[in-house]
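Both counts, for ligands and for their atoms, begin at 1 and track the order of listing.
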Amino acid sequence: MPKKMKITAATNNAGKLREIREISDCEVVSLKDAGIVSEPEENGKTLRQNAYIKAKAAYDLLQKSALDEFIIADDSGLFIEVLLGEPGVNSARFAEPGKRRAKVLALLNGIDERDAYFETVICLLDKDCEPKFFTGRLDGKIAYENRGENGFGYDSIFEVNGRTLAEMSESEKNAISHRKKALEKLKLYLEKL
Ligand code: IMP
């Protein structure tokens with residue numbers, strides 16, 4: 001891989017940017033760094049479509065300055081088996097902010113079948129707007145109540161081997177996370193270029 005390849009990450013989420021920087025060995029620029037504040041509507045039916053929508057929106061806005069670089073965008077979701085994959089691609093819009101975990105716990109009230117997984121899809125666009133996709137998955141179970149103070153989103157109700165992601169340190173979670181697995185695949189791909 002050429003030294004310090006430049007990637008524009010189509011996100012302003014500080015946690016995601018930190019993970020991408022940690023793992024990729026590239027110069028990672030956020031949308032805000034690139035002067036873009038607008039975010040597209042995530043109206044795809046799949047994580048893959050939404051990742052592409054976000055990457056393409058950044059590509060269209062950056063095109064001239066992005067000629068020598070890559071753009072990446074990711075979309076993630078929590079898929080609960082007994083809810084037929086809900087909230088899935090709608091994880092960020094499943095309920096009002098602050099009420100999403102409570103809604104999941106209420107829907108699973110009295111149900112012991114609690115298998116679930118997180119999935120991330122990363123879309124990489126090259127200078128010709130050619131997409132490549134990388135996925136990562138983390139299997140676990142929905143807990144019976146919120147536990148733990150760390151993390152974000154659904155972390156405090158998602159258990160792996162009896163501990164929720166919010167009970168793990170950031171580095172413990174990042175070592176096993178769906179995003180980490182997708183980023184590892186992206187890294188391998190970039191290393192081969
Ligand atoms: P995004 O596409 O990565 O922004 O994530 C969509 C939704 O899934 C948001 O509501 C997040 O809270 C949730 N989510 C994504 N990744 C994680 C995670 O690692 N832990 C907890 N929730 C997550």
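- Counting only heavy atoms of the protein, atom 4 (O) of ligand 1 lies nearest to Lys16 NZ, 3.2 Å.
- Nearest protein neighbour of atom 13 (C) of ligand 1, counting heavy atoms only, is Tyr154 CD1, 3.8 Å.
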Stepwise, does the side chain to side chain donor-acceptor pair (under 3.5 Å) test hold for Asn146 with Tyr154? CA-CA 9 Å; Asn146 283 281; Tyr154 298 94; over 6 Å; no

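- Heavy-atom contacts of His178 reach the following atoms of ligand 1: 16 (N), 17 (C), 18 (C), 19 (O) (cutoff under 4.0 Å).
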Going through the checks in order, is the side chain to side chain donor-acceptor pair (under 3.5 Å) test met by Thr135 and Glu119? CA-CA 7 Å; Thr135 60; Glu119 186 167 309; 5.6 Å; no

Derivation and outcome, side chain to side chain donor-acceptor pair (under 3.5 Å), residues Asn174 and Ser177: CA-CA 5 Å; Asn174 288 348; Ser177 83; 4.7 Å; no

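- In this structure, atom 11 (C) of ligand 1 lies nearest to the protein heavy atom Phe152 CE1, 4.1 Å.
- Below 3.5 Å of separation, one finds no N or O of Glu42 facing any N or O of ligand 1.
- At the shortest separation from atom 6 (C) of ligand 1 among protein heavy atoms lies Ser76 O, 3.2 Å.
- Annotation: atom 12 (O) of ligand 1 to nearest protein heavy atom, Gly153 CA, 3.3 Å.
- Within ligand 1, counting atoms from 1 as listed, the ones closer than 4.0 Å to a heavy atom of Asp155 are 18 (C), 19 (O), 20 (N), 21 (C).
- Interface atoms of ligand 1 facing Asp75, defined by a heavy-atom separation under 4.0 Å, are 2 (O).
- The nearest heavy-atom contact from the protein to atom 19 (O) of ligand 1 is Lys173 NZ, 2.7 Å.
- Phe158 does not carry Arg163 over the face of its six-membered ring by the limits of under 6.0 Å from the centre and within 45° of the normal.
- The distance criterion of under 3.5 Å between nitrogen or oxygen atoms is not met by Asp74 with respect to ligand 1.
- By the 6.0 Å and 45° rule, Arg48 stacks over the aromatic ring of Phe133.
- Among all protein heavy atoms, the one lying closest to atom 8 (O) of ligand 1 is Ser91 CB, 3.5 Å.
- Classification of Arg114 and Glu159 as a salt-bridged pair fails, no side-chain N sitting under 4.0 Å from a carboxylate O.
- At a heavy-atom distance under 4.0 Å, only side-chain atoms of Phe118, from C-beta outward, approach ligand 1.
- With respect to atom 16 (N) of ligand 1, the closest heavy atom belonging to the protein is Arg179 NH2, 2.8 Å.
- Remark: the backbone N or O of Ser156 is not paired with any side-chain donor or acceptor of Arg147 at under 3.5 angstrom.
- No salt bridge links Arg21 with Glu27; every basic N to acidic carboxylate O contact stays at or beyond 4.0 Å.
- Under the 6.0 Å distance and 45° angle rule, Lys103 counts as a cation-pi partner of Phe94.
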